[in-house]
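As the structure is a prediction and not an experimental result, all values here were calculated from the model.
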Amino acid sequence: MANLQDGGNAANIANFENLITYCSNLGATYNPSRDALKSPQLQTLLSEAQTVMAEIMALIAVYDIALENRKKLFSNVRPLTNQVFNTLSISGVDDAVLEGAKSFKRKIHGKRASEKPEPIMIDGVATVPKTNSSSQTSFNYLIEHFGALVAVVANHPEYNPNEEELKVANLTQYINQLKQANTSVINSHVALDLARGKRQQVLYGEKTGLVDIAMDVKTYIKIAFGINSLEYNKIKGISFKRFV
């Protein structure tokens with residue numbers, strides 16, 4: 001998803017294009033000695049910045065779709081867990097099997113098997129004994145625990161529902177869909193993060209980035225035409241902000 005910095009970065013690029021237009025209109029009188037400040041190099045830098053921003057916008061769209069797809073798929077994990085467990089509970093399996101399945105059900109729902117321990121006094125300070133987290137409900141944990149629950153029912157022939165969505169084969173297929181959806185989010189996020197890293201260098205690299213170059217262009221115009229000149233007054237208000 002797009003963030004506030006994406007908008008700020010786009011503003012920097014738009015302002016840089018505006019600055020370049022003013023430089024072009026100065027014609028031959030705009031004549032810096034440093035190659036990086038010359039008009040062709042400015043145009044190249046602008047093109048590079050616009051390209052990376054377009055790439056980021058496209059990757060944001062892919063990432064948002066992956067997030068929404070994962071959200072929809074995972075929304076059924078807990079309801080389906082209840083259905084699978086309840087079906088197992090009336091299948092005639094031993095109580096020990098049910099207890100094992102119940103532990104995975106608790107983990108999927110983020111519940112404790114017992115009450116949170118009471119604080120105890122240690123060196124005069126009330127301290128809650130450390131326990132394993134009861135909310136291991138990230139997407140990876142949900143996949144792991146739901147997969148474990150399905151493994152339990154798959155190992156007991158008593159679990160033999162007529163409902164298609166509760167059959168082991170379809171539950172296994174659903175697990176694979178969960179894995180694929182989660183992997184798609186991870187991959188699209190990494191691609192987006194790498195593109196944003198590239199943009200950071202293009203826009204904010206020391207001495208070579210768009211913002212530093214833009215500030216040097218403004219300084220050159222101030223030097224070449226004078227601080228009170230019309231030329232400088234036209235561009236001095238073009239602002240650039242650094243985002244990290």
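- Note on Leu59: it does not cluster hydrophobically with Leu194, by side-chain heavy-atom contacts below 4.5 Å among ILVMFWY residues.
- Here the straight-line distance linking atom CG of Leu210 with atom CZ of Arg242 works out to 10.0 Å at 0.5 Å rounding.
- Atom-to-atom distance recorded for Leu203:CG and Met53:CE is 8.0 Å, nearest 0.5 angstrom.
- Remark: the backbone N or O of Ala151 is paired with a side-chain donor or acceptor of Asn155 at under 3.5 angstrom.
- For the residue pair Asn15 and Ser239, the shortest heavy atom distance occurs at ND2-O, 2.8 Å.
- Taking CG from Leu37 and CG from Leu45, the interatomic distance works out to 10.5 Å, rounded to the nearest 0.5 Å.
- No donor-acceptor distance shorter than 3.5 angstrom exists from the side chain of Lys107 to the backbone of His145, with no hydrogens or angles considered.
- The cationic group of Lys105 lies under 6.0 Å from the six-membered ring centre of Phe85 and within 45° of the ring axis, placing it in a cation-pi geometry.
- Using a 4.5 Å cut-off between side-chain heavy atoms of Ile, Leu, Val, Met, Phe, Trp and Tyr, with links allowed through other members, Ile227 and Phe225 fall into the same hydrophobic cluster.
- Using a 4.5 Å cut-off between side-chain heavy atoms of Ile, Leu, Val, Met, Phe, Trp and Tyr, with links allowed through other members, Met215 and Tyr30 fall into the same hydrophobic cluster.
- Contact check for Ile235 versus Lys218: side-chain heavy atoms found under the 4.5 Å cut-off.
- Ile238 has its side chain out of reach of Phe16: every pair of non-hydrogen atoms, C-beta onward, lies at least 4.5 Å apart.
- Between Val93 and Tyr159 the shortest side-chain heavy-atom distance does not fall below 4.5 Å.
- The two residues Lys207 and Asp212 come nearest to each other via the heavy atoms N-OD2, 2.8 Å.
- Evaluated for a side-chain contact (heavy atoms from CB on, under 4.5 Å) with Gln83, the options Leu88, Leu171, Leu166 yield exactly one hit, Leu166.
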Quiz item: Going through the checks in order, is the side-chain hydrogen bond (donor to acceptor under 3.5 Å, both in side chains) test met by Asn82 and His109?
Solution: CA-CA 10 Å; Asn82 293 337; His109 284 281; 2.9 Å; yes
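- Of the charged side-chain nitrogens involved, none lies within less than 4.0 Å of a carboxylate oxygen, so that Asp95 and Lys102 do not count as a salt-bridged pair.
- Looking only at distances, no side-chain donor or acceptor of Glu55 sits under 3.5 Å from a matching main-chain atom of Leu192.
- At least one side-chain heavy atom of Cys23 sits less than 4.5 Å from a side-chain heavy atom of Val217.
- Distance OG1/Thr81 to CZ/Arg106: 13.5 Å, rounded to 0.5 Å.
- Taking the ring centre of Phe139 as origin, the terminal cationic atom of Arg70 falls inside the region bounded by 6.0 Å and 45° from the ring axis.
- Residue Leu178 is tested with Ile143, Asn76, Leu142 for a side-chain contact (heavy atoms from CB on, under 4.5 Å); the sole match is Ile143.
- The minimum heavy-atom distance linking Ala101 with Val152 is given by the pair CB-CG1, 4.3 Å.
- Counting heavy atoms from C-beta outward, Val84 and Val150 have side chains that stay 4.5 Å or more apart.
- The backbone N or O of Asn31 lies less than 3.5 Å from a partner atom in the side chain of Tyr220, making a donor-acceptor pair.
- For the pair Asn69 (side chain) and Ile65 (backbone), a donor-acceptor distance under 3.5 Å is absent.
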Quiz prompt | Working for side chain to side chain contact (heavy atoms under 4.5 Å, CB included), residues Ile213 and Thr208 | solution = CA-CA 6 Å; Ile213 292 296; Thr208 61; 5.6 Å; no
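- Of the charged side-chain nitrogens involved, at least one lies within less than 4.0 Å of a carboxylate oxygen, so that Arg34 and Asp216 count as a salt-bridged pair.
- Judged purely by atom type and a 3.5 angstrom limit, Lys241 has no side-chain atom pairing as donor or acceptor with the backbone of Gly8.
- The hydrophobic clustering, which links ILVMFWY residues whose side-chain heavy atoms are closer than 4.5 Å, places Met57 and Tyr63 together.
- When all heavy atoms of Thr87 and Pro161 are compared, the closest pair comes out as CG2-CB, 3.9 Å.
- With rounding to the nearest 0.5 Å, the separation of OG in Ser75 from CG in Leu80 is 10.5 Å.
- Minimum interatomic distance between Asn160 and Pro157 (heavy atoms only, all atoms of both residues): CB-O, 3.8 Å.
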Quiz item: Given the rule in the side chain to side chain contact (heavy atoms under 4.5 Å, CB included) test, do Ile60 and Arg196 qualify, once you have shown the distances and angles that lead to the verdict?
Solution: CA-CA 10 Å; Ile60 286 173; Arg196 281 174 168 160; 3.7 Å; yes
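- Between the side chains of Lys167 and Asn170, not a single donor N or O lies within less than 3.5 Å of an accepting N or O.
- In this structure, Ser47 contributes its side chain and Thr44 its backbone to no donor-acceptor pair below 3.5 Å.
- Side chain of Ser184 to main chain of Gln180: a donor-acceptor pair is present (N/O by atom type, distance under 3.5 Å, no hydrogens or angles).
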Quiz item: Tyr22 and Glu231: side chain to side chain contact (heavy atoms under 4.5 Å, CB included), yes or no, with the steps?
Solution: CA-CA 8 Å; Tyr22 275 109; Glu231 291 83 356; over 6 Å; no
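- In this structure, the side chain of Arg78 engages the main chain of Ile108 through a donor-acceptor pair within 3.5 Å.
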Quiz prompt | Check against side-chain hydrogen bond (donor to acceptor under 3.5 Å, both in side chains), Asn176 and Lys179 | solution = CA-CA 5 Å; Asn176 290 333; Lys179 290 178 179 177; 4.6 Å; no
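- When every heavy atom of Ala66 is checked against every heavy atom of Val185, the shortest pair comes out as O-CG2, 3.3 Å.
- Note on Ile20: it clusters hydrophobically with Ile221, by side-chain heavy-atom contacts below 4.5 Å among ILVMFWY residues.
- Atom CG of Leu26 is separated from atom OG of Ser39 by 8.5 Å, given to the nearest 0.5 angstrom.
- Checked against the 6.0 Å centroid threshold, Tyr174 and Phe146 count as a close aromatic pair.
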Practice problem: Evaluate side chain to side chain contact (heavy atoms under 4.5 Å, CB included) for Leu46 paired with Gln43, printing each intermediate quantity in order. | Solution: CA-CA 5 Å; Leu46 173 62; Gln43 288 290 347; 4.0 Å; yes
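- The environment of NZ in Lys234 is sparse: at most 12 heavy-atom neighbours from other residues, nucleotides or ligands sit within 6.0 Å.
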